[in-house]
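Down below is the structure, laid out as structure tokens.
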Amino acid sequence: AQSVTQLDSQVPVFEEAPVELRCNYSSSVSVYLFWYVQYPNQGLQLLLKYLSGSTLVKGINGFEAEFNKSQTSFHLRKPSVHISDTAEYFCAVSDQWKGAQKLVFGQGTRLTINP
Amino acid sequence: GAGVSQTPSNKVTEKGKYVELRCDPISGHTALYWYRQSLGQGPEFLIYFQGTGAADDSGLPNDRFFAVRPEGSVSTLKIQRTERGDSAMYLCASSWDRGSEAFFGQGTRLTVV
């Protein structure tokens with residue numbers, strides 16, 4: 001079985017400051033890793049994904065994440081945030097054999113950007 | 001359509017009633033997924049369809065929950081004898097196949113009173 005832990009339920013940040021949202025996972029098999037964003041009253045949108053290859057993954061809206069297999073982490077970073085980045089962010093993992101189906105999500109991190 | 005469409009966007013029902021939630025996936029997507037998201041939580045997997053068949057229904061919480069996809073396109077999630085604990089956002093997603101990115105709809109917020 002897989003599980004995902006997002007270490008911070010809420011992260012307040014000032015506009016234009018850097019941010020890191022932390023994600024750790026546990027799995028007995030090789031995994032794919034994802035970050036999704038959920039804006040208020042909307043569905044989930046994929047920010048980025050790690051399937052294989054380079055451990056540094058770049059996504060949309062200036063976000064990036066680094067896969068660290070030894071630490072079983074996949075932290076999300078952005079060097080300078082904007083008010084529009086205010087949203088809920090979810091880290092997710094799936095069994096490589098099963099692909100994108102049956103994603104296991106963390107509990108989410110609410111990112112609040114203050115002016 | 002341009003994206004995954006879910007109807008209704010909101011549904012309020014009385015305890016004990018039967019409800020149906022509809023998902024219209026992106027045209028051509030063979031894989032379809034249902035997730036449930038309780039308030040303050042991440043989404044939890046319910047069921048996965050590949051074509052018309054349910055390839056994995058291990059996330060359905062009990063036999064009050066059932067889902068169909070008779071023609072391999074639109075799917076309906078059916079909940080019998082609803083309970084207050086069923087109140088949640090129900091999310092549908094679709095993808096070209098099980099290995100590709102899943103696109104999510106905006107969800108149906110179900111409230112059981």
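Proteins come first, then strands; the chains are lettered A, B, ... in the order of their sequence lines, and each starts at number 1.
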From [atom1] ([X]) to [atom2] ([Y]), nearest 0.5 Å:
{"X": "B/Gln106", "Y": "A/Gln42", "atom1": "CD", "atom2": "CD", "answer": "5.5 Å"}
{"X": "A/Leu103", "Y": "B/Tyr48", "atom1": "CG", "atom2": "OH", "answer": "11.5 Å"}
{"X": "A/Lys102", "Y": "B/Leu46", "atom1": "NZ", "atom2": "CG", "answer": "11.0 Å"}
{"X": "B/Phe103", "Y": "A/Gln45", "atom1": "CZ", "atom2": "CD", "answer": "9.5 Å"}

Are the side chains of [X] and [Y] in touch, meaning some heavy atoms are under 4.5 Å apart?
{"X": "A/Phe90", "Y": "B/Gln37", "answer": "yes"}
{"X": "A/Phe105", "Y": "B/Tyr35", "answer": "yes"}
{"X": "A/Leu44", "Y": "B/Pro43", "answer": "yes"}

In terms of hydrophobic clusters joined by side-chain contacts under 4.5 Å, are [X] and [Y] together?
{"X": "A/Val13", "Y": "A/Phe63", "answer": "yes"}
{"X": "A/Leu76", "Y": "A/Phe74", "answer": "yes"}
{"X": "A/Val57", "Y": "A/Val4", "answer": "yes"}
{"X": "B/Phe49", "Y": "B/Phe104", "answer": "no"}
{"X": "A/Leu46", "Y": "A/Leu51", "answer": "yes"}

Atom CD1 of A/Ile60 with >12 non-hydrogen neighbours under 6.0 angstrom: yes
Other residues, nucleotides, ligands: >12 heavy atoms within 6.0 Å of B/Phe66 CZ: no
Contact listing (chain A partner; residues 78-86 of chain B; heavy atom under 4.5 Å): none
Heavy-atom contact with chain A under 4.5 Å, split by part of B/Ser9: neither
Interchain contact, B/Glu44 with chain A, by part (heavy-atom threshold 4.5 Å): neither
Interchain contact, A/Gln38 with chain B, by part (heavy-atom threshold 4.5 Å): side chain
With B/Asp57 via salt bridge (Lys or Arg N to Asp or Glu O under 4.0 Å) - residues at least two apart: none
